[in-house]
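What follows is a short report on a single structure.
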Amino acid sequence: MKLIAAFLASVAFAVPGFSAPAAHVDTVDPSVPTQLPRTAIPHHYAITVTPHAERLTFDGSVAIDLEVIKPTTQLVLNAAEMSISSARLEPAKGGAALIGHVTLDAKAETATLTFPRTLPTGSYRLTLAYAGKIHTQANGLFALDYKNAEGKDARSLFTQFEAADARRFFPGWDEPDYKATFDLTAQVPANTMAVGNMPAASTRALPDGLKEVRFQTTPTMSSYLLFFADGDFDRITKPAAGREVGIVMSRGNGPKGHLALDAEAEILPYYDQYFGTPYPLPKLDNVAGPGQSQFFGAMENWGAIFTFEYALLNDPAITSEAGRQSIFGVEAHEMAHQWFGDLVTMDWWGDIWLNEGFASWMANKATQHFHPEWGADIDHVAAREAAMGQDSFRSTHAVVQDVRTVEQANQAFDAISYSKGESVLSMLEGFAGPDVWRSGIQGYIKKHAYQNTKTEDLWNAMESVGAKGLGTIARDFTTQPGIPLIQVGASQCVGGNTVATLSQSQFSSDQRSQVEARPLAWHVPVRASAGGAASQVVTQGPTTQVQVAGCGPLLINAGQTGYYRTLYQPIQAQALERAFAGLSPVDQYGVMSDQLALSNTGYQPMAVGLDFLSEIPANANSKLVQAAVRQWSSLYDSLESDPAAQSAIVNRVIKVYGPRMQQLGFAPRAGEPAVDALLRSTLISTLGKFKDPAVVAEAKRLFAEWQTNSDAIPGSLKETWLGVVARNADESQWNAIHAKAQAAAGSVERTSLYQLLGATDDDKLARRALDLALTDEPGKTTSAGIITQVAGGHHRMAVDFVLAHLAQVNQLVDISGRSRFMQRLAGGSNDASLIPTLETYANANLATSDRKPVDQAIDRIRFEAGKLPRVRSETAAWLQAHPA
Ligand SMILES: [Zn+2]
């Protein structure tokens, strides 16, 4: 591999004529929701953009080859935050051009072009000249500012279009079903590097220190996948299976890109093979941008993935082991989209889970394949738990959603689309078997390449390769919300087999009696074991018999791929607990999480869940110990009014897991298992939160040394140790972190240090952090991160602050994420007094159709507050009865 300064080739470039749509007019599926009248269909866009980075504006022109499919006097297309100075329509077969009168509708985000006479059906070229705005958050064309290698202020430009922000970059049919080809031309400073979906076709010098870069024509694709970036970049490359993979980053950061580049090069051929259709573009870049969004880390633009630096670059000064693993995972996710999403695209945002659930599932598969030592099978179960955390409330929704507005499309990117999607796909793969499943995926990709699909197309592809019965299960889990509850009846040993009756209802955190009276019904594939081989049965109706080889403890959901909760008889739970040490780590993790969730929601006493939690010894699988320590930490938070119970938890964690901390040591060890490095970080954070004297003393020692020696804290533990310091900081320590943030060289480290200022337990310092967030000092994309940090320990303070400065805070958050920012700040709280505050906020600021995230936060706060008395008293009693 080699580092090159520019990658623009000078290849002769033929300006395309009118594309020839007559042969196959895609009439666009009339059942797909749309905000645009179905009168015309675009086939090809030729866009020229001239950014004025210093003024945060750009000029653009676009020539759209389109087909009018219904006679009309008007063409309506998407356009937002732009002015259109001319609209000219030429019939393809020749004849006089028509000039359109332009009316913009800011609310609908449309431009209506009215022509002096009716346009007959047929082919046209529509040419528009326009001017738009460069944003400072990740919407449309946006700028990210940073200090360059020489410490000077620098600015790079990037685009972010999903779900509906391409319309801020060019006027067009900005809905995923309107696929077209794109020619992008950019007029940029001669000394910068421009990046597009495709390699450059040609570049030529322009007057005034500019150059013009023309990119090759893209394949047919949706508008949200178009990409453009321009900046003072380096690009490193590697060949991979006949294509070129590359990482693009601000100049001087090349060495930090090699981890990601190597991962990209190994994942590409693996995906070629898995999908059975090779990656169709000549190159695949992953472009790093300094800064962050509160809502996404990376975006799968076809051929030019965008990823924020912290999620792509491996910086020895700040990247943790978790960060390094996440670089692989994020890249594997975005690369899976190059097929699932880019080559085959959902026809409307209601099916966004097809993209996100699949990419999440596929990234986990790639991680397990290349890094079995990372324990990613447990991450699958963690995804199930994350999904159920949203799916057990009345405000949840089905995987396949009803999306009508742009805001609803933005909100569709949530734990249901990603994590429930991933979990349901795991369950279905388990049902079909990995070989049948994969051949179904391959058939689906082949059949629908360059086109759009609905969820149903995937089930049809699976059934057509032999996954009989899969569609019934899949439809139950994707078209209805919620979680099945499997209750195990008394089990018997009959002739060496365990026989039990499973009753099925629905699990709920906040409407248990309603769902018990009228539960939804699912066909649930249940895998069970009892000491012998596991067997599988699909539930039919309210009760189902299961017969399993062996008469050992009965384990339901063996392997943990099922998306349901399991309520055992007390005697069965006790038997399973006694056999717990013999279960696989993934089953241990799944059973412990499942049983704690049932205890937390009141389906069974807290003691059952706590008994399982206490079964995880210090020498267990590192990921399990991590999970156990986190569970205790969250119970500690619930017991805030009971210092005696809290110190019982502290004593227990220190006594049980302290030896593991000692064994791991406070510093990373060369060649140690990656999961041990993760566990070390979790133990330091949690023991630091519990003010364990040894951990606090080491944090103080490292912090003092770091004042004079920047290398005193190992980079991979910097956020961990400084997190302990920041949480317990006094004013002078807080000031010292602030000074280090101001002086930090790398943008990732700088952002991280600024955010730590919000992680303080101290009210007065938390207020200072909030005030700092509203100044220009931290930087445009850092400030919202500080507010989010403050919310972690001071929900009420952060929410009140944001409400008092709403207009200012809105400028610090992506447009597409604003309605979710309040959910992010308040959703983790158990303070019921926030509920009326959130109601008032939603009534004043959100349309009825767009309040789902706030409703979800309210449901969760109500549940957390409501369960506290029972959880506190039962947990305190259990702790007393079970001294560590
Ligand atoms: Zn994704």
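Order of listing sets the numbers, starting from 1, for every ligand and every atom in it. Note that the structure is a prediction, hence the values are computed from the model and not measured. We count residues from 1, following the sequence as given.
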Under 2.8 Å from the Zn ion (ligand 1), how many protein N, O or S atoms can be found?
3
Anything under 30° is parallel, anything over 60° is perpendicular, the rest tilted; go ahead and classify Phe275 against Trp339.
parallel
Any idea how Tyr310 and Phe308 line up, ring-wise: parallel (<30°), tilted (30 to 60°), or perpendicular (>60°)?
parallel
Partner set under side chain to side chain donor-acceptor pair (under 3.5 Å) for Asp351, not counting sequence neighbours:
Thr455
If you draw the axis of the six-membered ring of Phe393, does the NZ or CZ of Arg860 fall within 45° of it and under 6.0 Å from the ring centre?
no
Can I get a per-line list of side-chain donor-acceptor pairs under 3.5 Å for residues 474-482, giving both atom names and the distance, sequence neighbours left out?
{"from": "Arg475", "atom 1": "NE", "to": "Glu456", "atom 2": "OE1", "distance (Å)": "3.2"}
{"from": "Arg475", "atom 1": "NE", "to": "Glu456", "atom 2": "OE2", "distance (Å)": "2.8"}
{"from": "Arg475", "atom 1": "NH1", "to": "Gly471", "atom 2": "O", "distance (Å)": "3.4"}
{"from": "Arg475", "atom 1": "NH2", "to": "Glu456", "atom 2": "OE2", "distance (Å)": "2.6"}
{"from": "Asp476", "atom 1": "OD2", "to": "His523", "atom 2": "N", "distance (Å)": "2.6"}
{"from": "Asp476", "atom 1": "OD2", "to": "His523", "atom 2": "ND1", "distance (Å)": "2.7"}
{"from": "Thr478", "atom 1": "OG1", "to": "Ala474", "atom 2": "O", "distance (Å)": "2.7"}
{"from": "Thr479", "atom 1": "OG1", "to": "Arg475", "atom 2": "O", "distance (Å)": "2.6"}
{"from": "Gln480", "atom 1": "NE2", "to": "Asp476", "atom 2": "O", "distance (Å)": "3.3"}
{"from": "Gln480", "atom 1": "NE2", "to": "Ala521", "atom 2": "O", "distance (Å)": "2.5"}

Among residues at least two apart in sequence or on other chains, which ones pass salt bridge (Lys or Arg N to Asp or Glu O under 4.0 Å) with Glu463?
none
